[in-house]
2 protein chains.
Amino acid sequence: MSSVPGVTEEGHALASAAPAFLKGHGTQNDFIVLLDPDGTFGLNERQAWALCDRRQGLGADGVLRAVPADGGGWFMDYRNADGSVAEMCGNGARVFALALRDAGLVTVDEFVVPTRGGDRSVRFLDGDVIVGMGAATTSARAVTVSAGRGEWAATSVWVPNPHAVAFVDDLADPGSLSNAPDVTPADAFPDGVNVEFVVPRAADRIAMRVHERGVGETRSCGTGAVAAAWAWRRRSDALSEDVPPTIRVDVPGGTVWVTEHSGGELDLKGPAVIVARGVIDEHWWRERA
Amino acid sequence: MSSVPGVTEEGHALASAAPAFLKGHGTQNDFIVLLDPDGTFGLNERQAWALCDRRQGLGADGVLRAVPADGGGWFMDYRNADGSVAEMCGNGARVFALALRDAGLVTVDEFVVPTRGGDRSVRFLDGDVIVGMGAATTSARAVTVSAGRGEWAATSVWVPNPHAVAFVDDLADPGSLSNAPDVTPADAFPDGVNVEFVVPRAADRIAMRVHERGVGETRSCGTGAVAAAWAWRRRSDALSEDVPPTIRVDVPGGTVWVTEHSGGELDLKGPAVIVARGVIDEHWWRERA
């Protein structure tokens with residue numbers, strides 16, 4: 001038996017027509033991990049947003065379905081709280097990796113998680129999880145972000161999902177982020193964009209708030225932290241020739257660390273927590289199939 | 001085996017040092033029901049608010065712990081999302097009753113749930129759950145409620161938890177209820193008060209919004225619906241001699257029905273939904289013990 005009650009070591013929910021789940025969070029970015037060892041449950045847009053509904057569902061920032069990957073391992077089928085498909089999420093990948101190990105689907109300390117954003121390495125170290133985030137790319141095109149009464153020049157960063165990183169004087173400056181900040185030009189990010197507001201604290205330390213497309217302001221965003229640290233290292237180049245490779249990023253939900261390796265590869269390190277395990281109600285699941 | 005995975009028919013979580021749970025809602029007032037068949041898990045203030053935290057925990061408006069009652073049956077140990085102890089919750093009692101039956105702890109269609117607000121009868125009927133709410137009491141003392149830019153005379157109703165019911169022209173009039181409305185005189189409700197804003201729709205139908213003490217604005221409040229219907233029947237006495245005994249109450253999260261019986265006893269009827277079942281993580285639980 002796995003540690004998920006009523007679930008076998010292979011991730012099969014015993015005598016249930018609905019998937020087993022784990023609920024957890026990484027720096028308060030919270031996720032439902034669904035186990036779909038045969039790929040029979042699937043996960044449609046309606047099920048994803050209904051599961052993420054914080055009153056009628058179980059409640060989360062997103063759903064991560066674990067389904068066998070064609071090339072081996074467990075594919076991370078990630079959907080946002082509004083049900084939309086997403087490429088990759090650094091905090092989600094940590095929770096996903098911990099859930100796979102917790103459910104007994106993975107028994108090693110280092111493995112690969114295939115995602116829509118490509119294969120990601122994960123590694124457990126001293127209670128934290130380190131996720132390989134690949135390299136970041138940018139665009140020379142000028143982008144402007146406005147929120148509250150402020151307007152800022154922003155750096156475009158793809159990790160590979162799109163981010164606009166704006167450096168501000170104070171994290172309170174953008175005001176409420178319950179609505180998405182305006183990003184111009186409108187066609188800079190045809191698939192929408194996550195927006196980070198960043199305040200430098202030291203050469204190796206920044207703090208940020210984030211508005212995630214399709215979700216709203218969240219307590220943390222893994223790719224957002226990577227984008228912010230990447231942009232900060234480029235920006236701080238002008239200030240110092242000795243920028244450290246590892247940047248501490250304080251988010252409202254906690255702290256993560258971003259390391260840039262010599263080849264441009266970026267790692268995200270941070271905590272992951274499992275709160276509960278169980279099985280979705282069959283009737284509830286079928287009604288939304 | 002009960003239908004909760006990894007839990008026996010007696011509600012014992014197999015090989016776990018943390019309680020089994022069910023997550024569900026009644027008209028979008030959502031609850032975590034904890035099964036504590038031996039009374040060994042308990043439920044302290046910290047565990048309750050941590051469980052209800054919608055990002056670091058499982059997320060809910062409140063926790064309902066099922067523990068054997070001295071006189072038989074399952075006592076509903078109810079705590080609000082801030083961890084504070086509460087007497088009774090009509091929506092919670094429906095979810096609690098459905099969870100007891102779902103977990104196999106109760107097998108009949110009609111039974112009694114002991115609560116801090118007294119023994120409550122529950123009955124399953126055509127997919128809904130009917131909860132006996134006892135009689136309401138009031139006070140002749142004039143009470144005033146203010147929210148947004150409005151101020152209204154309110155009726156005090158105890159069910160037996162305290163309510164201030166204000167009739168308004170439009171449900172939008174009180175504005176945002178993210179902060180508690182002001183209720184004067186300040187000593188009218190020494191233990192705090194739930195505030196209902198009510199708009200009549202017909203002789204037998206009202207609509208309301210509610211601010212619950214210790215929680216904020218919620219999608220529904222069972223005792224609040226009872227208080228509102230009770231106050232409406234008194235108020236409508238002046239308008240009609242033929243006030244129907246059953247009042248439909250539309251809340252943001254759905255619809256419930258309140259019936260006043262000839263002896264003054266009030267019933268609350270409405271839906272209850274179970275979304276998922278499982279077991280709280282042992283390490284997470286112990287850290288908050």
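Chain letters run A, B, ... following the sequence lines, proteins first, then strands; residues in each count from 1.
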Pairing of B:Asp61 and A:Arg55 as salt bridge, 4.0 angstrom limit: yes
Separation of A:Gln56 CD from B:Asn29 CG (nearest 0.5 Å): 12.0 Å
Which atoms of B:Phe31 come close to chain A, meaning under 4.5 Å heavy atom to heavy atom: side chain ones, backbone ones, both, or neither? neither
So, does B:Arg54 use its side chain to make a donor-acceptor pair with the main chain of A:Arg54 at under 3.5 Å? yes
Give, as side chain, backbone, both or neither, the part of A:Val273 having an atom under 4.5 angstrom from any heavy atom of chain B. side chain
May I ask you to name which of A:Ile32, A:Asp30, A:Asp53, A:Leu22 has the most heavy-atom pairs under 4.5 Å with chain B? A:Asp30
Of B:Gly253, B:Ala50, B:Gly278, the largest count of non-hydrogen pairs under 4.5 angstrom with chain A goes to B:Gly278
Among A:Gly59, A:Gly57, A:Ala60, which residue has the highest count of heavy-atom pairs closer than 4.5 Å to chain B? A:Gly57
Check this for me, if you would: do B:Asp281 and A:Lys23 make a salt bridge, where the nitrogen-to-carboxylate-oxygen distance has to be below 4.0 angstrom? no
For the student: nearest non-hydrogen atoms of B:Val275 and A:Leu58, plus distance: CG1-N, 4.1 Å
